[in-house]
Amino acid sequence: MSKVNSSNMELDLDRPNIEDYLPTDSIHEPLGKLRLRDLLDISPTLREAGGAIVDDSFTRCFKSNPPEPWNWNVYLFPLWCLGVVVRYGILFPVRVLILTLGWIIFLSCYIPVHWLLKGHDKLKKRLERALVELICSFFVASWTGVVNYHGPRPCARPKQVFVANHTSMIDFIILEQMTAFAVIMQKHPGWVGLIQSTILESVGCIWFNRSEAKDREIVSRKLREHVEGADNNPLLIFPEGTCVNNNYTVMFKKGAFELGSTVCPIAIKYNKIFVDAFWNSKKHSFTTHLLQLMTSWAVVCDVWYLEPQNMKPGETPIEFAERVRGIISARAGIKMVPWDGFLKYSRPSPKLKERKQQAFAESVLRRLEDK
Amino acid sequence: MGNTSSMLTQYDIEEVQEHCNNTFSQQEIVSLYQRFCQLDRNSGGFISADEFLSVPEFAVNPLSQRLFRMIDGLNFKEFVAFLSAFSSRATLQHKVEYIFKVYDSDGNGKVAFSDLLDVLRDLTGQFISEQQRELVLTQVLEEAGYKKDSTLVLSDFMKILGNSGLKMEVEIPVD
């Protein structure tokens with residue numbers, strides 16, 4: 001954890017005004033002369049601490065929904081057993097077959113296109129784009145994905161980026177089957193990393209490493225270059241920076257909003273009745289997550305392509321990011337919380353504590369003046 | 001996946017309830033247990049420093065270190081007893097005792113000037129100089145009839161805070 005602390009300073013730059021979110025009545029504003037009672041009465045601060053111990057909005061963002069047991073009586077239990085048999089015995093093998101078939105078709109087309117068409121870049125790109133969309137459709141079929149797309153399909157234009165809320169890596173697959181986006185992602189180990197470095201390279205992806213602070217400058221340069229390129233694939237960014245459980249959104253990082261381009265928001269909402277699509281990366285690997293999806297009934301979700309937004313005059317990138325977050329959260333019907341997603345991996349900045357201390361100190365000094 | 005309320009029997013719940021003097025209802029104790037298990041990620045039976053500080057709302061609280069020292073290593077029963085001061089059923093006496101305990105870090109039943117200074121330092125950080133803090137404290141102590149070197153005991157705290165209606169209730173989410 002210690003190497004992450006040094007990057008805390010730079011992460012600070014990402015944080016919008018927390019004071020706008022934290023309840024302003026938290027530090028009480030007493031009136032009149034300062035008395036011993038006022039200094040001894042630490043109940044407001046204690047109450048905040050107690051509240052945080054008992055329940056806090058940050059942990060709630062990453063809580064997976066425990067599946068409600070409904071098979072608890074004599075006739076429901078055999079039904080549930082039948083369901084398990086169908087899911088694992090019939091659906092799962094069929095889905096594995098579909099996925100394998102998809103991979104065979106994909107690889108048998110992709111490898112020749114990639115190697116033989118080295119000279120014909122435009123054609124190669126078009127074919128690779130179509131093939132990536134194809135393999136994503138196979139993936140979605142392998143979970144019996146029912147995706148309702150609303151709104152105009154994204155088109156490739158320069159100076160525009162797409163942003164979406166993030167629940168799992170399958171968000172990317174669901175969006176990719178409709179349009180071949182270039183995406184910015186955390187580099188993963190294992191077979192996912194292999195796919196990232198081979199196939200996704202062809203659609204033009206950018207990698208980052210969460211724990212490297214210096215990385216941010218390099219990444220923001222790459223983002224800018226990509227957005228300005230005329231024939232690059234449209235760029236998809238998940239500004240939350242981490243997977244959240246689809247009931248809340250955490251603060252958006254401003255990186256996507258300070259490129260001087262139009263931001264097109266995309267809202268994604270999964271229907272939890274069928275399966276909880278939240279990928280709790282601390283609990284399971286991506287493979288386990290995929291297997292879980294492949295042994296459920298279906299993945300049902302709604303995708304809304306929303307109206308492109310531009311930064312308003314006089315708006316800072318952080319305000320712009322929060323405004324877009326508001327638009328996405330409103331459309332998906334999810335709540336906003338004032339925390340930075342990276343707090344999953346690091347401690348909050350000491351500045352937050354200092355702000356509270358400052359507010360209290362100022363009120364003490366002010367009341368001292370009151371005679 | 002954290003849904004371990006089935007591991008608490010009715011007997012367990014009643015034992016915990018008795019231990020905290022019935023300040024929490026049975027449903028609240030079940031919710032607290034879910035929360036305890038959620039925070040205790042490595043299932044060690046107690047919540048470690050790391051696990052507490054991973055709650056950002058708690059980590060940014062000025063008194064987090066002090067409270068953590070009191071809560072470190074507690075098992076679930078003691079955890080509930082610790083939180084009982086935050087219940088809506090807690091008596092004023094109970095709340096004042098709790099605040100006294102926060103000040104009295106060495107647990108000897110006496111709160112000295114240095115203890116008062118320590119808490120004030122936690123609350124104000126670098127935004128008031130040490131000198132000013134001492135001045136402020138001395139001034140308010142003298143106005144209340146105490147001297148800089150007097151030590152406060154629980155009855156003093158009751159006298160000072162007794163009629164100010166301490167608002168410390170925290171709502172336990174019950175789903």
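Note on naming: letters A, B, ... go to the chains in the order of the sequence lines (proteins, then strands), and numbering restarts at 1 for each one.
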Check: Under a 4.5 Å heavy-atom cut-off, does chain A meet the side chain of B/I71, its backbone, both or neither?
Finding: side chain
Next item on the list: Please state whether the side chain, the backbone, both or neither of B/A59 comes within less than 4.5 Å of a heavy atom of chain A.
Entry: both
Item checked: A/D56/B/R35 under salt bridge (charged side-chain N to carboxylate O under 4.0 Å, His left out): CA gap, chis, key distance, verdict -> CA-CA 10 Å; A/D56 76 293; B/R35 175 68 173 173; 2.7 Å; yes
Item checked: Side chain, backbone, both or neither of B/F82 within contact of chain A (heavy atoms, under 4.5 Å) -> side chain
Next item on the list: Determine the minimum heavy-atom distance between A/A49 and B/L67, stating which atoms define it.
Entry: CB-CD1, 3.3 Å
Next item on the list: Go through the atoms of B/L53 and report whether side chain, backbone, both or neither lie under 4.5 Å from a heavy atom of chain A.
Entry: both
Margin query: At a 4.5 Å cut-off on heavy atoms, which part of B/L123 comes close to chain A: side chain, backbone, both, or neither?
Written below: both
Checklist line | Which portion of A/R35 sits near chain B, non-hydrogen atoms under 4.5 angstrom | finding: backbone
Next item on the list: Could you pull out all residues at least two apart from A/A298 that satisfy side-chain contact (heavy atoms from CB on, under 4.5 Å)?
Entry: A/T144, A/F274, A/V300
Please list, one pair per line, the donor and acceptor atoms closer than 3.5 Å that link side chains of residues 125-132 of chain B to other protein atoms, with sequence neighbours excluded.
| unit_1 | atom_1 | unit_2 | atom_2 | d |
| --- | --- | --- | --- | --- |
| B/S129 | OG | B/Q132 | N | 3.2 |
| B/E130 | OE1 | B/R121 | NE | 3.2 |
| B/E130 | OE1 | B/R133 | NE | 3.2 |
| B/E130 | OE1 | B/R133 | NH2 | 2.9 |
| B/E130 | OE2 | B/R121 | NH2 | 2.9 |

Check: Quick one: which residues of residues 84-96 of chain B reach chain A at under 4.5 angstrom, heavy atoms only?
Finding: B/F86
Next item on the list: Counting only heavy atoms closer than 4.5 Å, note whether B/I160 contacts chain A via side chain, backbone, both or neither.
Entry: both
Next item on the list: Using the test side-chain hydrogen bond (donor to acceptor under 3.5 Å, both in side chains), find all partners of B/K77 that sit at least two apart in sequence or belong to another chain.
Entry: B/E15
Checklist line | Donor-acceptor under 3.5 Å (B/N61 side chain, A/T45 main chain) | finding: yes
Next item on the list: Give, as side chain, backbone, both or neither, the part of B/V111 having an atom under 4.5 angstrom from any heavy atom of chain A.
Entry: neither
Check: Side chain, backbone, both or neither: which part of B/I172 has a heavy atom under 4.5 Å from chain A?
Finding: both
Note to self: Please classify the contact of B/S54 with chain A as side chain, backbone, both or neither, using a heavy-atom distance under 4.5 Å.
What the structure shows: both
Item checked: Toward chain B, the part of A/L365 with a non-hydrogen atom under 4.5 Å -> side chain
Margin query: Is B/F52 close to chain A through its backbone or its side chain, or both, or neither, when contacts mean heavy atoms under 4.5 Å?
Written below: side chain
Margin query: Would you say that A/I53 contacts B/V55 through its side chain, given a criterion of any heavy-atom pair below 4.5 Å between the two side chains?
Written below: no
Next item on the list: Sort out for me which of A/Q357, A/E354, A/K353, A/R37 touches chain B most, counting heavy-atom pairs under 4.5 Å.
Entry: A/Q357
